[in-house]
Number of protein chains: 2
Amino acid sequence: MGTDDEMDRMHSSPTARPRRATSYDVARAAGVAQSTVSRCFKDDAKISAKTRDHILKIASDMGYTGNALARSLITQRSNVVGVIVTAFTIRNNPELIYALGEALQNAGNSLFLMVVENDDAIGASLQKAMEYPLDGLICCAQMPEDWIRQFANRGVPMVFFNRLVDSSLVDCITLDHAGAGRRIAEALYRAGHRSVVCVRGPERAPVSQLRVDAFRDRMAEFGIGSIPTVCTDFSYADGRRRFLDLVGGMKRPDAVFCANDQLALGVIDACRFDLGWRIPEDISIIGFDDIAEAGRPSYALTTVRQPIVDMAETAASLLLARIGDPDLPPRRIMVPGELIERSSARLANGSPPA
Amino acid sequence: MGTDDEMDRMHSSPTARPRRATSYDVARAAGVAQSTVSRCFKDDAKISAKTRDHILKIASDMGYTGNALARSLITQRSNVVGVIVTAFTIRNNPELIYALGEALQNAGNSLFLMVVENDDAIGASLQKAMEYPLDGLICCAQMPEDWIRQFANRGVPMVFFNRLVDSSLVDCITLDHAGAGRRIAEALYRAGHRSVVCVRGPERAPVSQLRVDAFRDRMAEFGIGSIPTVCTDFSYADGRRRFLDLVGGMKRPDAVFCANDQLALGVIDACRFDLGWRIPEDISIIGFDDIAEAGRPSYALTTVRQPIVDMAETAASLLLARIGDPDLPPRRIMVPGELIERSSARLANGSPPA
DNA sequence: ATTTCCTATGCATTCGAATGCACGATATCG
DNA sequence: CGATATCGTGCATTCGAATGCATAGGAAAT
């Protein structure tokens, strides 16, 4: 014979969303108090082995699982970390997402992902991130100062990834984009290249700015002041197209510096398939990032390696450390980019190109 | 002169995590009840314009934001959707994550991302997903039957992506992998290819199985029963290496069917750079997915297009629809794969290869 | 057998927002 | 001017788990 309770449940409307068992349900079934059930799932709790086993058995029979929401509400700790990424980052560095996920999950955290079209469209995501009591935030996009202050006021630790934020309230990890840009300028100049062009990313993309501006500044120091440059959306197709537009009206340049590898691949294909130029005999091409395709023999792209997985792991541990101790001094890590010499550019010391 | 309250805050320990303003704080400051503050943020609430403006002003001054946790607890609706993806999916179809994120975010939902190394390592993520009261789940990995039943029991709508689940409890959307596999077999056979090999994904990867098994079955129907096949981890490097192992001990085959494009790119490079075989004159190569690189002139890979962004959007709307109405009949959508003919395979009717 | 002590358990409160209900104030009508 | 409807607000409860405090019960010590 069922109790009234059971009858109630059986006769409830078929469309009613099934209710999950709560600690009260388990407590009632086990003949103990709710607090005792709660204590079953804490390691340090003082509870007799007998009761614990009894309750655990019943809990598992009923399919009971703690409710993370209720728990977070009372403990003031959600174990959820927000991650903000741009469309570009997802497409260009998918590995980053996976590495962040692994690192955070292994430390017992969950990942609240916010995707944004670009750095300017971050508003709605930040609003969401505010309403959700996140334990921390890893941001791979630019964030306005006042938002940073708001998060800081609420004690939400933040780590910026490839965005150097000028604030003592947050941690940063970034590649040394500028340093690598200079390095490339030096390498090209030393190898005798004098007529150089640049294929940038979007006008306001910080990463592209840093890379290309440093390159141009260093070249200017070498006396090479005029460097034809074109902006793109960072994609293969746009790189190919705009490069063709750029060189359409000029003498063939010696070398091209591209703000990322996708662009460089586009430029390579433009040279090979549209212009009939040989690489690197006719023109040197250098990219940035060292994505998987750059290493393939069809492209063999000379580029700067961005150790994205290492950086992701570092970002995660920076954040976890600060969650553990909010009073840590702000840290800003700058990772050097390694120049990977393949065969898309003549970099060896030699006679200047004809 | 500060009030006592202010003094308290200033003298509190520097390590104390700052407390965010609650609806009670706002209520006190505005001289109203907490319930009135709460009503300010609901559209349908009956509240005078005057009070609303007054409260909203104070709320914004105090930097008040609703607490999504507390709200979800009482409304039984979290507006958070779980997404489970494998490492392979992230690497191979990063676009999927972005498209899902966009679709879900535009509908007012947030994304709870769980990354898993492969289909077998899904357990921990499912545990997390259970504890979190998610409004729904999009799963791009295989899930054991009993877990599916558990989620269903709790009324969590689920959509499987590229995993055909034999359960009336969930929705599915998947490419017609088998159909496309057969299609490729037909195309190759019709073009005269008789000596064919396969480069598969991991032994137990469902997607690889469907594609390759259907291909082999169809070939068998044509009387081509023995098809040398090798398993890989789905990566470029493994594809290249294992293909070389495979063909090392045999006469050059007419054609290769690869379970995905990464593998096909590896095979192409193996032919070109390791074996010196011309494509497609010496050998036809067909891939699967139509990733970005497949379309580039350096590869010009003939492949099956998987419309991943469309599929992601469909998956999101399937889920949102079911969240809105749990009694919808289970739907299983099978998307046809379009054969994209580029120049890595001879498919035109012609004389059989020498 | 009595006291002491400790362990295991229950009780009550808390986290922050949503909401049904009651009630007071104001507007509307006869 | 009084009766009634309407609108706005407050009160109290709820969601589900965690935890400080009180206490019952048993074991150990005397």
Side-chain angles (χ1 to χ4, degrees), chain A residues 16-56 58-59 62-80 130-135 154-155, chain B residues 16-56 58-59 62-80 130-135 154-155:
Chain A
R17 194 169 169 184
R19 212 174 64 89
R20 55 193 282 181
T22 72
S23 60
Y24 284 95
D25 300 330
V26 176
R28 198 170 336 113
V32 298
Q34 175 267 331
S35 50
T36 308
V37 175
S38 169
R39 277 188 265 260
C40 268
F41 297 91
K42 283 203 65 174
D43 287 345
D44 61 325
K46 28 186 185 171
I47 190 168
S48 74
K50 203 180 128 212
T51 344
R52 159 171 274 143
D53 292 347
H54 176 221
I55 295 179
L56 286 181
I58 291 183
M62 300 177 69
Y64 169 77
T65 325
N67 183 325
L69 248 47
R71 182 181 302 128
S72 303
L73 194 55
I74 192 75
T75 60
Q76 304 282 46
R77 177 56 67 91
S78 65
N79 292 313
V80 176
M130 284 251 103
E131 295 192 10
Y132 236 82
L134 301 171
D135 280 359
R154 296 182 169 218
Chain B
R17 193 169 169 185
R19 211 174 65 89
R20 54 194 280 181
T22 71
S23 59
Y24 284 96
D25 300 331
V26 176
R28 200 172 332 114
V32 298
Q34 175 268 329
S35 49
T36 307
V37 175
S38 170
R39 277 189 263 259
C40 269
F41 296 91
K42 284 203 64 175
D43 286 346
D44 61 326
K46 28 187 188 174
I47 191 168
S48 73
K50 203 179 131 213
T51 338
R52 160 172 273 143
D53 292 348
H54 177 219
I55 296 179
L56 286 181
I58 291 182
M62 298 176 73
Y64 170 77
T65 325
N67 183 327
L69 247 47
R71 182 180 303 130
S72 302
L73 194 56
I74 192 75
T75 59
Q76 303 283 44
R77 177 56 65 91
S78 64
N79 292 314
V80 176
M130 284 252 101
E131 296 191 11
Y132 234 82
L134 301 172
D135 280 359
R154 296 182 170 218

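Order of the sequence lines fixes the chain letters, A, B, ..., with proteins taken first and strands second; residue numbering starts at 1 for each chain.
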- Message: What I'd like to find out is whether the side chain of A:Thr65 reaches to under 4.5 Å of the side chain of B:Arg154, using heavy atoms alone.
- Response: yes
- Query: In whole angstroms, how far is the P atom of D:dG10 from the CZ atom of B:Arg28?
  - Reply: 14 Å
- Sub-3.5 Å donor-acceptor pair from the side chain of A:Ser23 to the main-chain atoms of A:Val37, do we have one? no
- How are the rings of B:Tyr132 and A:Tyr132 set relative to one another: parallel (under 30°), tilted (30 to 60°) or perpendicular (over 60°)? parallel
- Distance in Å, A:Asp25 CG paired with A:Arg28 CZ, rounded so as to fall on 0.5 Å steps: 5.0 Å
- Task: Measure the angle between the two terminal helix axes of the helix from C:dA1-D:dT30 to C:dG30-D:dC1, five base pairs each, and quote it to 10°.
- Result: 40°
- Item | DNA chain D contacts among residues 32-40 of chain A, heavy-atom distance under 4.0 Å | A:Gln34, A:Ser35, A:Ser38, A:Arg39
- Heavy-atom pair of closest approach, residues B:Asp135 and B:Ser78: OD1-N, 3.0 Å
- Query: Given the rule in the side chain to side chain contact (heavy atoms under 4.5 Å, CB included) test, do A:Met130 and B:Arg20 qualify, once you have shown the distances and angles that lead to the verdict?
  - Reply: CA-CA 10 Å; A:Met130 284 251 103; B:Arg20 54 194 280 181; 5.9 Å; no
- Query: Which heavy-atom pair separates A:Asn67 from B:Pro133 by the least distance, and what is that distance?
  - Reply: OD1-CG, 3.6 Å
- List the atom of A:Thr22, the atom of A:Tyr64, and the distance in Å for their closest heavy-atom pair. C-CE1, 3.5 Å
- Query: What is the nucleic acid contact for B:Tyr24, judged by heavy atoms within less than 4.0 Å: base, sugar-phosphate only, or nothing?
  - Reply: base
- Residue closer to the 5' end of DNA chain D, B:Ile74 versus B:Ser48 (nearest nucleotide): B:Ser48
- For chain B, the stretch of DNA chain C it reaches, first to last nucleotide, under 4.0 Å of its heavy atoms: C:dG16 to C:dG20
- Query: So, for B:Leu73 and A:Leu69, which heavy atoms are closest and what is the spacing to 0.1 Å?
  - Reply: N-CD2, 4.0 Å
- Which atom names give the shortest non-hydrogen contact between A:Met62 and A:Ala29, and what distance separates them? SD-CB, 3.9 Å
- Query: Touch check for A:Thr51, heavy atoms < 4.0 angstrom, all strands: base, sugar-phosphate only, or nothing?
  - Reply: sugar-phosphate
- Message: Please find the pair of heavy atoms, one from A:Lys46 and one from A:Arg39, that lie closest to each other, and give the distance.
- Response: O-CD, 4.4 Å
- Separation of A:Lys46 atom NZ from D:dT23 atom P, in whole Å? 15 Å
